[in-house]
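In what follows, a structure is listed as structure tokens, so that the remarks can point back to it.
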2 protein chains.
Amino acid sequence: MDTGDRLLTPGEVAALFRVDPKTVTRWAAAGRIGSIRTPGGHRRFRESEVRALLEGDGVIEEMREDDAANKPRNAGPTNPGAYGPPNGLR
Amino acid sequence: MDTGDRLLTPGEVAALFRVDPKTVTRWAAAGRIGSIRTPGGHRRFRESEVRALLEGDGVIEEMREDDAANKPRNAGPTNPGAYGPPNGLR
DNA sequence: TAGAAGTCGGGTAATTTGGGAA
DNA sequence: GATGTCCAAATTACCCGACTTC
């Protein structure tokens with residue numbers, strides 16, 4: 001249905017960002033990243049959103065004109081709309 | 001309004017929440033989610049109810065903290081900022 | 001009827017939560 | 001202001017064998 005958003009656990013997101021799960025939780029608490037709560041209270045994050053954040057969701061993207069045969073970026077149709085970056089202002 | 005009550009199996013609900021089928025069963029046992037039992041004892045969940053839980057049915061609060069000098073954040077497909085304590089059951 | 005897959009029940013380890021202080 | 005670590009508690013994940021569903 002949707003973009004096939006897989007849900008990631010705080011530990012997964014933390015490992016992707018190389019930060020502590022606690023930090024990911026703070027991002028969610030601050031509204032910098034969308035979070036879905038389970039009836040039990042645990043959080044789940046959308047894989048597409050996390051991926052967008054990892055890639056530099058919207059702007060700051062340094063692109064080096066690399067060799068010719070290089071794979072661009074994930075041109076996946078995933079993600080209906082780029083999300084607002086958590087680091088909009090830092 | 002016809003909520004289109006399609007019944008989902010524990011495995012289906014578990015996949016939606018990215019949890020174990022066992023966890024979904026636990027939610028039903030704790031009364032956190034409505035469940036219909038088959039004569040054999042297996043549980044079935046209403047698709048409409050599960051979907052509501054995924055979006056944070058009851059607590060749809062829009063957090064507006066974006067200022068004018070910020071990046072325009074598009075409206076996400078799902079994830080208005082589902083905030084809300086689990087259930088007060090702690 | 002037989003078979004495979006899924007689910008149930010209980011129990012134990014790992015993860016996550018929330019707040020506080022460094 | 002933001003991040004990593006401490007604690008206690010809750011929630012979740014995986015183990016087994018047995019039953020139900022398709």
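Here the structure is a predicted model, which means the values were calculated and not measured. To find a chain, count down the sequence lines: A is the first, B the second, and so on, and within it residues start at 1.
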For this session: Using a cut-off of 6.0 Å, state whether more than 12 heavy atoms not belonging to Arg44(B) lie near its atom CZ.
Result: yes
Nucleotide [N], atom [atom2] - distance to [atom1] of [X] in whole Å:
| X | N | atom1 | atom2 | result |
| --- | --- | --- | --- | --- |
| Phe45(B) | dT7(C) | CZ | C1' | 10 Å |
| Lys22(A) | dT5(D) | NZ | P | 12 Å |
| Leu7(B) | dG6(C) | CG | P | 18 Å |

[N], OP1 or OP2 - any side-chain N/O from [X] closer than 4.0 Å?
| X | N | answer |
| --- | --- | --- |
| Arg43(A) | dT12(D) | no |
| Arg32(B) | dT11(D) | yes |
| Trp27(B) | dT12(D) | yes |
| Arg44(A) | dT11(D) | no |

Seminar exercise, completed: Whichever of Glu12(B) and Arg26(B) has the more 5' nearest nucleotide on DNA chain C, that residue is Glu12(B)
Seminar exercise, completed: The answer to which of Thr9(A) and Thr23(A) contacts DNA chain D further toward the 5' end, by nearest nucleotide, is Thr23(A)
Seminar exercise, completed: Numerically ordered, the residues 13-21 of chain A set in heavy-atom contact under 4.0 Å with DNA chain D is Val19(A), Asp20(A)
For [Y], does its backbone N or O pair with a side-chain atom of [X] as donor and acceptor, under 3.5 Å?
| X | Y | value |
| --- | --- | --- |
| Glu49(B) | Gly34(B) | yes |
| Arg18(B) | Leu7(A) | yes |
| Thr23(A) | Val19(A) | no |

For this session: Searching all strands shown, indicate the nucleotide that pairs with dA2(D) (Watson-Crick or G-U wobble; both distances under 3.5 Å).
Result: none
Exercise. From dT7(C), dG18(C), dG9(C), pick the nucleotide closest to the side chain of Pro10(B)?
Worked result: dT7(C)
Problem set entry | Check against side chain to side chain contact (heavy atoms under 4.5 Å, CB included), Leu16(A) and Leu53(A) | CA-CA 10 Å; Leu16(A) 290 170; Leu53(A) 263 53; over 6 Å; no
